[in-house]
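Here is the structure we will look at, set down as structure tokens.
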Amino acid sequence: MKLGFIGTGYVGLVSGVGFGNLGFDVTCVDIDERKVEMIKQAHPPIFENGLEEMLKQLIASKKLIATTDTAQAISKSDVIFICTGTPSLVDGSIDLKYIRSASENIGRALRDVNSFKTIVVKSTVVPGTTRDVVLPILEKESGKKAGVDFGVAMNPEFLKEGVAVKDFQDPDRVVLGTEDPKSLEMLKELYNFVNCEILETDTATAEMIKYASNSFLAVKISFVNEIANMSEKMGVDIDLVAKGMGMDSRISPKFLRPGIGYGGSCFPKDVKALKAAAESLGIGAIMLAGSLEVNRNQPLRAVELLQKHLDISGKIIALLGMAFKPETDDMRESRAVPLAEELLRLGAKVRGYDPIAKETAEMSMPKGTEFFDNVEDLLKDADAAILVTEWKEFQSYDPEFFLNHGIKILVDGRRIYNKKTFNAAGIVTEVLGQA
Ligand code: UDX
């Protein structure tokens with residue numbers, strides 16, 4: 001089987017390279033010529049562990065080609081994945097403009113095609129989108145009948161940034177949402193490399209599985225953050241609470257790490273989109289609204305802890321890390337942004353250093369933030385430091401390190417330092433969620 005990927009962002013490129021590595025012939029399409037050119041030169045437009053090496057081999061062996069020509073990819077491929085972005089509109093609801101235009105292009109290309117091809121939506125979309133938006137556009141533009149002349153399916157991705165290649169190769173589960181039996185057979189053949197269970201559903205159910213999974217994890221993080229906020233004030237050890245909760249196999253210890261909240265390209269956007277979709281149907285999405293509210297307040301908690309020891313106005317506050325999580329340069333929805341905004345609002349001078357997310361931070365952080373190339377310069381003359389992203393290099397810092405750099409007040413927003421040890425060593429340290 002030959003495969004086409006429309007959209008070379010995270011999902012499209014990682015999946016395309018992943019399938020290419022399994023021996024499939026892959027065509028990657030993007031409307032952005034710059035991205036296509038980069039891929040042709042074997043430079044992934046995104047940073048992801050292991051991706052560049054794999055892409056190099058695939059480009060050298062011509063197993064993967066990149067183009068801006070959708071029709072070329074359609075004519076060459078048996079299965080075409082739609083992997084375009086699904087940004088948020090101002091009200092949080094999903095913007096389907098890229099999905100629509102990709103569907104139109106694919107539909108037009110299908111006109112001149114005589115073999116059965118399956119079009120698979122891989123982008124995260126609101127339940128019903130594949131069946132009620134993509135399928136009718138494909139039929140209209142191609143003049144052909146879905147289920148007879150071509151197939152339609154939905155196959156969500158569950159790739160975590162930083163470990164996306166590994167998640168592709170060794171998934172927890174694969175969800176195949178289809179509207180016709182032939183597409184299901186094609187997708188089952190494609191995924192026969194996995195060692196996990198394959199769940200077969202219709203397309204709307206597959207779409208909901210993706211939204212519900214991400215929303216559940218977001219709610220879980222916000223829940224443990226709320227418990228951590230209580231524990232801090234009640235003199236309770238949240239680490240032991242999370243450990244004790246996680247020992248219950250129904251709860252599981254994963255995604256129970258309290259901190260300044262969740263960010264990234266998926267959780268905030270998906271929770272907002274599902275909430276907006278529910279509300280448009282007259283259903284109050286109370287759990288989702290609650291998760292978003294906790295997540296909005298969580299970075300402000302770090303400021304509150306700092307204010308216990310410092311009048312922030314006019315002070316220099318150093319942010320250790322800015323990316324939304326370690327091992328990525330992704331700044332999307334990073335909690336560093338609202339945190340810096342609040343510090344600036346209170347009159348602080350904000351500066352930041354991130355081992356990888358320098359360029360992306362410069363584009364995303366609020367105006368007024370100063371950027372540094374190393375921790376030494378970042379901490380020099382700073383009045384206090386806040387740990388924002390738990391990069392490995394920060395985890396090795398002991399109290400001496402901070403004291404040697406003149407830091408006497410430290411707030412740990414990701415809970416990597418030991419409050420007792422640090423305080424005993426002479427640094428006033430607050431760890432979010434720790435009494
Ligand atoms: C997520 C999903 O995990 C993945 O399945 C989906 O397809 C895309 O979205 P990703 O955004 O890469 O992946 O990051 P993830 O590792 O899930 O972390 C998301 C955010 O939650 C980060 O900001 C992280 O710091 C935060 N988080 C995670 C916590 O605050 N506590 C936790 O216990 C876990």
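First listed ligand is number 1; within each ligand, the first listed atom is number 1. When reading the values below, keep in mind they use all heavy atoms of this one structure, side chains included, and skip hydrogens, waters and symmetry mates. For this chain, numbers begin at 1 and follow the sequence in order.
- By the criterion of a heavy-atom distance under 4.0 Å, neither the backbone nor the side chain of T328 is placed next to ligand 1.
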Walk me through it: do F255 and F223 pass the test ring pair (Phe, Tyr, Trp, His ring centres under 6.0 Å)? CA-CA 10 Å; F255 280 71; F223 181 84; over 10 Å; no
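- Applying the 4.0 Å criterion to heavy atoms of E157 picks out, from ligand 1, the atoms 7 (O).
- Which parts of ligand 1 touch E161 is read off a 4.0 Å heavy-atom cut-off, strictly below it: atoms 12 (O).
- Under 4.0 Å from ligand 1, not a single heavy atom of K254 appears.
- Close contacts between ligand 1 and C266 involve ligand atoms 8 (C), 9 (O) [criterion: under 4.0 Å to a heavy atom].
- Heavy-atom contacts of R414 reach the following atoms of ligand 1: 25 (O), 30 (O) (cutoff under 4.0 Å).
- Considering F394, F402, F401, Y397 in turn, F402 is the only one that fulfils the ring pair (Phe, Tyr, Trp, His ring centres under 6.0 Å) rule with Y417.
- Protein heavy atom closest to atom 3 (O) of ligand 1, with residue, atom name and distance, is K160 CG, 3.4 Å.
- With a heavy-atom cut-off of 4.0 Å, K325 touches ligand 1 through its side chain alone.
- Taking a 4.0 Å cut-off on heavy atoms, K210 registers as neighbouring ligand 1.
- T328 pairs with exactly one of R332, K325, M331 by the side chain to side chain contact (heavy atoms under 4.5 Å, CB included) rule, that one being K325.
- At least one heavy atom of G263 sits under 4.0 Å from some atom of ligand 1.
- Ligand 1 has an N or O atom lying under 3.5 Å from an N or O atom of R257, backbone or side chain.
- Scanning the protein heavy atoms around atom 27 (N) of ligand 1, the nearest turns out to be I221 CD1, 3.4 Å.
- Atoms of ligand 1 lying under 4.0 Å from any heavy atom of F158, numbered from 1 in the order shown and given with element: 5 (O), 7 (O).
- In this structure, a donor-acceptor pair under 3.5 Å is present between the side chains of T86 and K269.
- Residue contacts with ligand 1, taken as heavy atom pairs separated by less than 4.0 Å, involve L256 solely via the backbone atoms N, CA, C and O.
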